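Beneath this line is the structure, given in structure tokens, with notes to follow.
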2 protein chains.
Amino acid sequence: MAKPTKTNTPITEHLAYLLAQANREINRQLELRLSKEGVPVEQWRILKVLSDGNGHSMGELAEAVLLNHPTLTKMIDRMVSDTLVYRVQDPNDRRKVLMFISDRGKVLCKKLNSLAVDQEEHILESYGDKPTSELKRLLESLIDSSN
Amino acid sequence: MAKPTKTNTPITEHLAYLLAQANREINRQLELRLSKEGVPVEQWRILKVLSDGNGHSMGELAEAVLLNHPTLTKMIDRMVSDTLVYRVQDPNDRRKVLMFISDRGKVLCKKLNSLAVDQEEHILESYGDKPTSELKRLLESLIDSSN
DNA sequence: CTTCAATTGTTGAATATTCAATATTTTCAA
DNA sequence: TTGAAAATATTGAATATTCAACAATTGAAG
């Protein structure tokens, strides 16, 4: 009887590792583009979420931009100093703070969007149209299945 | 003539965002499992890379485990204190340090591997066999195309 | 009503990460 | 062979993140 072969999976074959690696690489590229405007990726995400013009609570924002609460609070402090966003107390629930994007924030967000679109286009070129949309589809469904 | 529709892509449709989100979620799950042994994900990666028994330089390791040099140095310091790994000066190039896994490190690594395998199996169950391998394939080729 | 638990956001201390500077060794051109 | 440049790893200061505690408000049970 054959001994069961202990296939010690190399780290490069773990899904968690592949995701981390791909994320790191794509994020680095995006970071590089956005650095033209001196803005970290997280701030772009915040501006983008707020650019629907509605007020978003801190909790909601934290969830949407993948930051935990204290980190978000401190990043928002900086963005308020830079007058990119502002706080308004929620009149319906005074525990909450509603965040809004400022006019200056909107202008910056537009510039950042076009830098980000540049990157997406670059990916489409080097990686291909079909693989990209297929990858997006799979990622979405992975995320869904994890909740 | 119709005005060109400004389709302001929501952040949730950007590849960079989907990758960040998926990575965050899967990493959180893995973290949770490994916390049973009180070990951060990065240390598991380090142990796994070193568990081939060969010496690996700091630069090589940093690349493999997705950490930059100073962060790795400080994490290795901790792991040396915990006698999970040890440093040896490279005899062929004395600028380099070769890292090796200790016996204690090997024992721990095995436990961690099985916790990680548990997670992969859990993903296979909830997400499916085919989507998982397809996702891995696409991630690998994305990473390739980014270099 | 009143009180106690839950929710929301912020703060400060502890911890971790990053950037720039440093030390050491090797490489290579003159 | 020598001296300058490149490669490798570490350090310390600056910065960022996280954890636990807190304050304020709301919800809900008695």
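Everything quoted here is computed from the prediction, not taken from an experiment.
Remark: of the listed residues B:L67, B:L66, B:V65, B:L67 is the sole one forming a side chain to side chain contact (heavy atoms under 4.5 Å, CB included) with B:E42.
Using a 4.0 Å cut-off, no side-chain N or O of A:T73 falls inside it from OP1 or OP2 of C:dG9. Contact annotation: A:T71 side-chain N/O to D:dA16 OP1/OP2 distance is not under 4.0 Å.
Judged by atom type and distance alone, A:K74 reaches the base of D:dT18 through a side-chain donor-acceptor pair under 3.5 Å. Between the side chain of B:R95 and the base of C:dT24, no donor-acceptor pair of N or O atoms lies under 3.5 Å.
Following rounding to the nearest Å, B:R87 (CZ) and D:dT10 (C1') show an atom-to-atom distance of 9 Å. Between the CD atom of B:E31 and the P atom of C:dA16 there is a distance of 13 Å, rounded to whole Å. The separation between A:Q89 atom CD and D:dT25 atom P is 7 Å, rounded to whole Å. Look at CG on B:D93: it is 6 Å from C1' on C:dT26, rounded to the nearest Å. As a whole-Å value, the separation of A:N68 CG from D:dA16 P is 15 Å. Computed from coordinates, the B:R94 CZ to D:dA7 P distance equals 20 Å when rounded to whole Å. Per the geometry, CG belonging to B:L61 stands 11 Å off P belonging to D:dT10, to the nearest Å. For the pair A:M99 CE and C:dG9 C1', the interatomic distance rounds to 12 Å; values are reported in whole Å.
Linking Ile, Leu, Val, Met, Phe, Trp and Tyr residues whenever their side-chain heavy atoms come within less than 4.5 Å places B:L139 and A:I143 in a single cluster.
Place A:R78 and B:L72 on DNA chain D by their nearest nucleotides, and B:L72 ends up nearer the 5' end. Comparing A:P91 and A:E42, the nucleotide of DNA chain D nearest to each residue sits closer to the 5' end for A:E42.
No donor-acceptor pair closer than 3.5 Å links the side chain of B:K106 to the backbone N or O of B:I101.
When each of C:dT10, C:dT25, C:dT17 is scored by its nearest atom to the side-chain atoms of A:H69, the top-ranked nucleotide is C:dT10. Side-chain atoms of B:V97 lie closest to D:dT10 of the nucleotides D:dT18, D:dT10, D:dT17.
Nearest approach of B:S146 to B:L142, heavy atoms of both residues: OG-O, 2.8 Å.
A:D144 and A:S141 form no side-chain donor-acceptor contact under 3.5 Å, judged by distance and modelled atom types alone.
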